[in-house]
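All remarks here apply to the structure that follows.
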Amino acid sequence: MSEVTAVPTHCPYCALQCGMSLRPTGVPELPAEVVDRTDFPVNRGALCGKGRTAPSVLSSRVRLTEPLVRCPDTGVLTPASWEEALAAVADGLRRTRADHGPDAVGVFGGGGLTNEKAYTLGKFARLVLGTSQIDYNGRFCMSSAAAAHGRAFGLDRGLPFPLEDIPKTGCVILVGSNLAETMPPALRYLTELKENGGKLIVIDPRRTRTAEQADLHLAPRPGTDLALALGMLHLVVAEGRVDQEFVATRTSGWEAARAGAMSHWPEQVERITGVSVPRLREAVALFSDADTGMVLTARGPEQQSKGTDTVGAWINLCLATGKAGRPLSGYGCLTGQGNGQGGREHGQKADQLPGYRKLDDPAARAHVAGVWGVPPESLPGPGRSAYELLDALGGDVKSLLLMGSNPVVSAPRAAHIEGRLRSLDFLAVADVVLSETAALADVVLPVTQWAEETGTMTNLEGRVLLRRRALTPPAGVRSDLEVLHALAGLLGWEKGFPAEPEEVFDELRRASAGGPADYSGIDYRRIEDEQGVFWPCPETPEGTESHPGTPRLFLDRFATPDGRARFVPVVHRAAAEETDAEYPVVLTTGRVVSQYQSGAQTRRVDELNAAAPGPFVELHPRVAERLGVAEGERIAVVSRRGRAVAPARITTAIRPDTVFMPFHWAGEGRANTLVNPALDPISRMPEFKVCAVRLERAGNDT
């Protein structure tokens, strides 16, 4: 086929949403091939191995191609017609509502769903089911950063500036991110930063491939990032490095935040974190002496029971040094999931309505209810957060509709959550593959993938993108929008749930109009013509020039009532679970370059499995020697919640008091079996990144 047959689209994985083109092959085993798309500014044609191999999951060899319904006699999932499967889902949800009330039905979404799907899923939950019990796995991604963003700036967008600004700043502090493995095409921004003379400080308990690029690598004990940020702010004050003019003219609340920082002496911070005072001073000098600077956080500091305060402390450091609300400066969060940003903006989060409106705001309820054509009082109130919803399964919540998530692998305290899923009266899952969670369902609905459908995504910059359909899906597969349209009809809603993505997006625009995440001035044509449009982008009156979108936020004022950024006073506190004599080692978790999230799709790609075939336990040589363990020998990692077993990977790149496990696998190496579901009181983020464990030799035991 000629080059012109390639359809421009975007990678299905992380929040970079790298541009790529797909060319159909006509071969069922590999229906499309990737063609470089060098015109898209985020990645300029670069792709990681996951992006390059993404068409492999389109193969009928690995994906679902027909509905499955569990046979009541045998308990086995068996092929069924779409009519039979949809009727079973509608009956299961209807029966639960009738017997136990609307809040006995739960809905769980995903950070990979398009904006159109996320919007429709939230609308379906609140109108058709009448339930407040909806949340999504993006709660596990960047909810702490979102909460801190809102407290300080009045608005949450992952990056308040485009990625292209990063190489032009003077100094970047990268906290708890391993971009080289989680977002490989983004590493070039840090490489270009250094080529331009900028400085890079990486904060991570492991010396990762990203940390190896740093001018300064600080390796704090997991769970102590808050103390580290406070210690640096203490030194900023003590050394006279505060930007007094910026603090006075563009912020509020400085004195209380200053007092909180001054109670964290550098020597005390050294004892808590393990980072020496001279290294703290070096970091402060590098950041403060730069004319411009950015702090970028990822899951490391955010996935903690104090994640909101931790991010808030890093924001305070930006504000005190005048590195926010100015060109080439600011705080940003590196969103993880493909639509982690847009996924929470439009209604699948427990407390939010489309446009990033708050569900408990009467004006927000009135606006969205008006678009939906229902009385505001008919909308249910805020529901449970993601972990709390999963924990309630089989109790208050009897049935669950789940789309685009695999909590059997990805949820904290995963063995417990697997048990809660098994205890449900009814479980329906819509997915592209038979994930570990789908395998537990009463009904499994096979849905289209990114290459087989059109829809918008919002990447980590707040850039709204359009993924165009490049392939015809298999005959037995339908889109999530078609599923929700059909279910709404079966449950008595003949109108209001269109299956065409552009029709849904036009309604989303109206629902978001005037909200914090205003998409009303964006349409499919503009997205294509402009390589994406940054929100907020309000609609302008007819006959006037279109709003250009907002690549850079806060340059004139912050999104608070008085236009000032708010310092929030914070103090260090311990992790929810500290080490002790029984559990003397800290476990932290994360990702590897060749797998993604719960691995539901990437573990079905031969090339990726060859590069990353299974879980492992990364530990320091001193720990291995004390345990009597050799490279590759099986180790049991035991926490108060369970036990996981994986081969040892011995390296000096990790602290001696810490072990690391990737979380992509199910089975005996499931890292999330171990982690602590203790929740941040504000964001309701579980504490994935730090828990107490002990290590045991496992030998050949299974």
Side-chain angles (χ1 to χ4, degrees), residues 89-90 92-94 96-97 100-141 143 146 337 339-340 342-361 364-365 368-369 372 374 378-407 410-411 417 420-421 424 426-431 437 480-481 483-484 487-488 491 493 496-497 504 508 511 679 683-685:
V89 175
L93 301 179
R94 185 188 297 111
T96 298
R97 275 177 49 92
H100 305 285
D103 274 355
V105 180
V107 177
F108 200 83
L113 300 180
T114 64
N115 290 318
E116 292 82 357
K117 294 178 186 179
Y119 172 84
T120 304
L121 188 62
K123 182 180 179 182
F124 179 87
R126 294 182 173 102
L127 294 194
V128 177
L129 300 178
T131 183
S132 66
Q133 301 302 300
I134 175 172
D135 211 84
Y136 83 128
N137 63 15
R139 176 78 69 168
F140 301 154
C141 177
S143 57
Q337 294 192 75
N339 203 29
R344 71 181 182 281
E345 293 169 0
H346 298 299
Q348 66 171 334
K349 192 162 171 277
D351 56 350
Q352 286 175 189
L353 288 169
Y356 224 140
R357 289 179 160 92
K358 287 292 186 183
L359 191 53
D360 57 4
D361 177 358
R365 294 170 65 87
V368 174
W372 289 350
V374 299
S378 69
L379 299 180
R384 293 178 172 95
S385 71
Y387 179 78
E388 292 165 303
L389 172 56
L390 294 172
D391 190 41
L393 300 180
D396 294 342
V397 179
K398 309 291 186 183
S399 294
L400 183 70
L401 172 64
L402 186 147
M403 286 187 160
S405 186
N406 187 18
S410 63
I417 296 305
R420 303 318 304 154
L421 284 158
L424 284 164
F426 180 78
L427 172 63
V429 173
D431 209 331
T437 304
D480 296 275
L481 291 180
V483 167
L484 292 171
L487 288 176
L491 293 169
W493 289 74
F497 293 87
V504 176
L508 181 158
L679 301 181
S683 69
R684 316 308 287 169
M685 167 73 84

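- Looking at residues two or more places apart in sequence or on another chain, you find a side-chain contact (heavy atoms from CB on, under 4.5 Å) between Ser143 and Arg139, Ser683, Met685.
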- Item | Leu113 and Asn339: CA distance, side-chain angles, deciding distance, side chain to side chain contact (heavy atoms under 4.5 Å, CB included) verdict | CA-CA 7 Å; Leu113 300 180; Asn339 203 29; 5.8 Å; no
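- Note that the CG atom of Asn137 and the CG atom of Asn406 stand 9.5 Å from one another [nearest 0.5 Å].
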- Task: Decide yes or no on side chain to side chain contact (heavy atoms under 4.5 Å, CB included) for Thr437 and Leu421, but give the supporting numbers first.
- Result: CA-CA 8 Å; Thr437 304; Leu421 284 158; 4.2 Å; yes
- Message: Working note: Lys349 + Tyr136, criterion side chain to side chain contact (heavy atoms under 4.5 Å, CB included); need CA distance, chi angles, decisive distance, verdict.
- Response: CA-CA 6 Å; Lys349 192 162 171 277; Tyr136 83 128; 4.2 Å; yes
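- Summarising the geometry, atom CD1 belonging to Ile417 is positioned 5.5 Å from atom CG belonging to Asp391; distances are rounded to the nearest 0.5 Å.
- Judged purely by atom type and a 3.5 angstrom limit, Arg126 uses its side chain to pair as donor or acceptor with the backbone of Gly347.
- Partners of Arg365 according to the salt bridge (charged side-chain N to carboxylate O under 4.0 Å, His left out) rule, which considers only residues two or more places apart in sequence or in another chain, do not exist here.
- Here Ala488 pairs with Phe124, Val128, Trp493, Phe497 under the side-chain contact (heavy atoms from CB on, under 4.5 Å) rule; sequence neighbours left out.
- Applying the side-chain contact (heavy atoms from CB on, under 4.5 Å) criterion to Asp361, with sequence neighbours excluded, gives Lys358, Ala363, Ala364.
- Listed by chain and residue number, Arg97 satisfy the side-chain contact (heavy atoms from CB on, under 4.5 Å) test with Pro102 (two or more places apart in sequence, or in another chain).
- The backbone N or O of Cys141 lies less than 3.5 Å from no partner atom in the side chain of Gln337, so there is not a single donor-acceptor pair.
- Across Phe426 and Val89, no two heavy atoms sit closer than the pair CZ-CA, 3.6 Å.
- Across all their heavy atoms, Ser405 and Ser410 have their closest contact at OG-OG, 4.5 Å.
- Between Thr114 and Tyr119 the shortest side-chain heavy-atom distance does not fall below 4.5 Å.
- Scored by the side chain to side chain donor-acceptor pair (under 3.5 Å) test, Ser385 finds Glu388 as partners (sequence neighbours excluded).
- Between Arg94 and Leu491, the closest side-chain pair of non-hydrogen atoms falls below 4.5 Å.
- Residue Tyr356 holds its OH atom at 10.5 Å from NE2 of His346, rounded to the nearest 0.5 Å.
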Using a 3.5 Å cut-off and no angle test, enumerate the donor-acceptor pairs between side-chain atoms of residues 395-402 and protein atoms at least two apart in sequence or in another chain.
{"from": "Asp396", "atom 1": "OD2", "to": "Arg384", "atom 2": "NH2", "distance (Å)": "2.8"}
{"from": "Lys398", "atom 1": "NZ", "to": "Gly395", "atom 2": "O", "distance (Å)": "2.8"}
{"from": "Ser399", "atom 1": "OG", "to": "Thr96", "atom 2": "OG1", "distance (Å)": "2.5"}

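- Applying the salt bridge (charged side-chain N to carboxylate O under 4.0 Å, His left out) test to every pair with at least one member in residues 113-122, sequence neighbours left out, gives these pairs: Lys117-Glu453, Lys117-Asp480.
- Taking the ring pair (Phe, Tyr, Trp, His ring centres under 6.0 Å) definition, one finds that Phe140 meets it with Phe688, sequence neighbours left out.
- Within the model, atoms CG of Leu379 and CG of Leu353 stand 6.5 Å from one another, a figure rounded to the nearest 0.5 Å.
- The CD atom of Glu345 sits 12.5 Å away from atom CZ of Arg357, with the distance rounded to the nearest 0.5 Å.
- Among residues two or more places apart in sequence or in another chain, the salt bridge (charged side-chain N to carboxylate O under 4.0 Å, His left out) test is passed with Lys123 by Glu507.
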- Task: Could you walk me through whether Phe108 and Ile134 pass side chain to side chain contact (heavy atoms under 4.5 Å, CB included), step by step?
- Result: CA-CA 6 Å; Phe108 200 83; Ile134 175 172; over 6 Å; no
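- In this structure, the side chain to side chain donor-acceptor pair (under 3.5 Å) partners of Asp103, at least two apart in sequence or on a different chain, are Thr131, Ser132.
- A 4.5 Å side-chain heavy-atom check between Met403 and Leu121 finds at least one atom pair inside the cut-off.
- Taking Gln348 as the reference, nothing meets the side chain to side chain donor-acceptor pair (under 3.5 Å) condition, with sequence neighbours excluded.
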